[in-house]
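First up is the structure itself, then whatever we jot down about it.
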Amino acid sequence: KAMPAPAWLLDELIVAGTLGLLWGPWGSMKTFLALAWAGFIGSGSWWQGRQVTQAKVLYVAAEGVAGLGRRIDAFETGHRIYGMPGVTFHHGRVNLLDPGEAAAFVEGVGAGDFGLVVLDTLPRMMVGGDENRAQDVGRVVDVLDQVRQETGSTVWALHHATKEGSSARGIS
């Protein structure tokens, strides 16, 4: 009860300084939604009538990079927010199971003063790991939580659903 009320990046949807997972079946527009949220948070514009707290965004695009330009064009045209202000893109994966890469990532997020970090997708961030092994997933979640704790950033990972679509793939 003594905890402070949540601070919102996106009113009633994304709490600042948290760790989250956005998952769904293939074709459910996870990337498009994450890009929209990134664009609105980076620009500080209201989204769907909800207040947005402006923050710098790091979008790590490790999957679907070839289609990213078209999605950004659609966002800009549809919302009249051009140039994805406040959003920095990193094209390629970051192996969060590699201690050196993980440490560099945490340091880079902190140096960039990012308020939101989006990882698209979780399996691409655990090269050589197995999303069905609790030990591997636990190590990745630990790094993501380290990013959150050390930088104050909100960290969101995108992930796929199982074939039947009833839950996130792997350990959840």
Which residue pairs pass the side-chain hydrogen bond (donor to acceptor under 3.5 Å, both in side chains) test when at least one of the two sits in residues 139-150, sequence neighbours left out? Asp145-Arg148, Asp145-Gln149, Gln146-Glu150
Ala168 and Leu21 have their tightest heavy-atom pair at CB-CD2, 4.2 Å
Under 3.5 Å, sequence neighbours excluded: what are the donor-acceptor pairs made by side chains of residues 72-87?
residue, atom, partner, partner atom, Å
Glu76, OE2, Gly83, N, 2.7
Thr77, OG1, Asp73, O, 3.0

Who clusters with Val15? Use side-chain heavy atoms, under 4.5 angstrom, across I, L, V, M, F, W and Y, and order the result by chain and number. Trp8
Would you say Lys30's side chain and Trp23's backbone share a donor-acceptor pair under 3.5 angstrom? no
Under a single-linkage rule joining Ile, Leu, Val, Met, Phe, Trp and Tyr whose side-chain heavy atoms are separated by less than 4.5 Å, which residues share a cluster with Val127? none
Strictly by side-chain hydrogen bond (donor to acceptor under 3.5 Å, both in side chains), give each pair with a member in residues 40-65 just once, sequence neighbours left out. Ser43-Ser45, Tyr59-Asp120, Glu63-Thr121, Glu63-His160
Transitive ILVMFWY side-chain link Leu22 to Phe89, under 4.5 Å: yes
Could you give me the CA-CA distance, side-chain angles and deciding distance for Leu116 and Val155, then say whether side-chain contact (heavy atoms from CB on, under 4.5 Å) is met? CA-CA 6 Å; Leu116 174 63; Val155 181; over 6 Å; no
In chain order, what residues pass the side chain to side chain donor-acceptor pair (under 3.5 Å) check against Ser153, with sequence neighbours excluded? Thr151
Check side chain to side chain contact (heavy atoms under 4.5 Å, CB included) between Val94 and all other residues, then give those that pass, not counting sequence neighbours. Val60, His90, Leu96, Glu101, Phe105, Met125
Quick check on the hydrophobic clustering: are Val57 and Phe114 connected, directly or via other members, by side-chain heavy-atom contacts under 4.5 Å? no
How close do Ala161 and Pro25 get, counting heavy atoms only, and between which atoms? CB-N, 3.6 Å
State plainly whether one hydrophobic cluster holds both Trp37 and Val147, where clusters connect Ile, Leu, Val, Met, Phe, Trp and Tyr through side-chain heavy atoms under 4.5 angstrom apart. no
Share the residues that join Phe32 in a hydrophobic cluster, the rule being Ile, Leu, Val, Met, Phe, Trp or Tyr side chains under 4.5 Å apart at the heavy-atom level. Met29
Not counting sequence neighbours, which residues clear side chain to side chain donor-acceptor pair (under 3.5 Å) with Asp136? List them please. Arg133
When hydrophobic residues are tied together by side-chain contacts of less than 4.5 Å, even through go-betweens, does Val140 share a cluster with Trp156? no
Are Leu33 and Val52 connected, step by step, through hydrophobic side chains (Ile, Leu, Val, Met, Phe, Trp, Tyr) whose heavy atoms are closer than 4.5 Å? yes
What is the minimum heavy-atom distance between Gly129 and Leu97, and which atoms define it? CA-CD1, 3.5 Å
Shortest non-hydrogen pair, Ala61 vs Leu68, comes out as CB-CD2, 3.7 Å
Any side-chain heavy atom of Glu131 within less than 4.5 Å of one from Leu122? no
Considering non-hydrogen atoms only, spot the tightest contact between Gly115 and Ala55 and give its length. CA-CB, 3.9 Å
Mind checking whether Thr154 and Val117 have side chains closer than 4.5 Å, heavy atoms only? no
Residue set satisfying side chain to side chain contact (heavy atoms under 4.5 Å, CB included) with Ala7, at least two apart, ordered chain then number -> Ala16
Residues in side chain to side chain donor-acceptor pair (under 3.5 Å) contact with Thr18, at least two apart in sequence or another chain: none
Nearest non-hydrogen partners of Val118 and Ala34, listed with the distance: CG1-CB, 4.1 Å
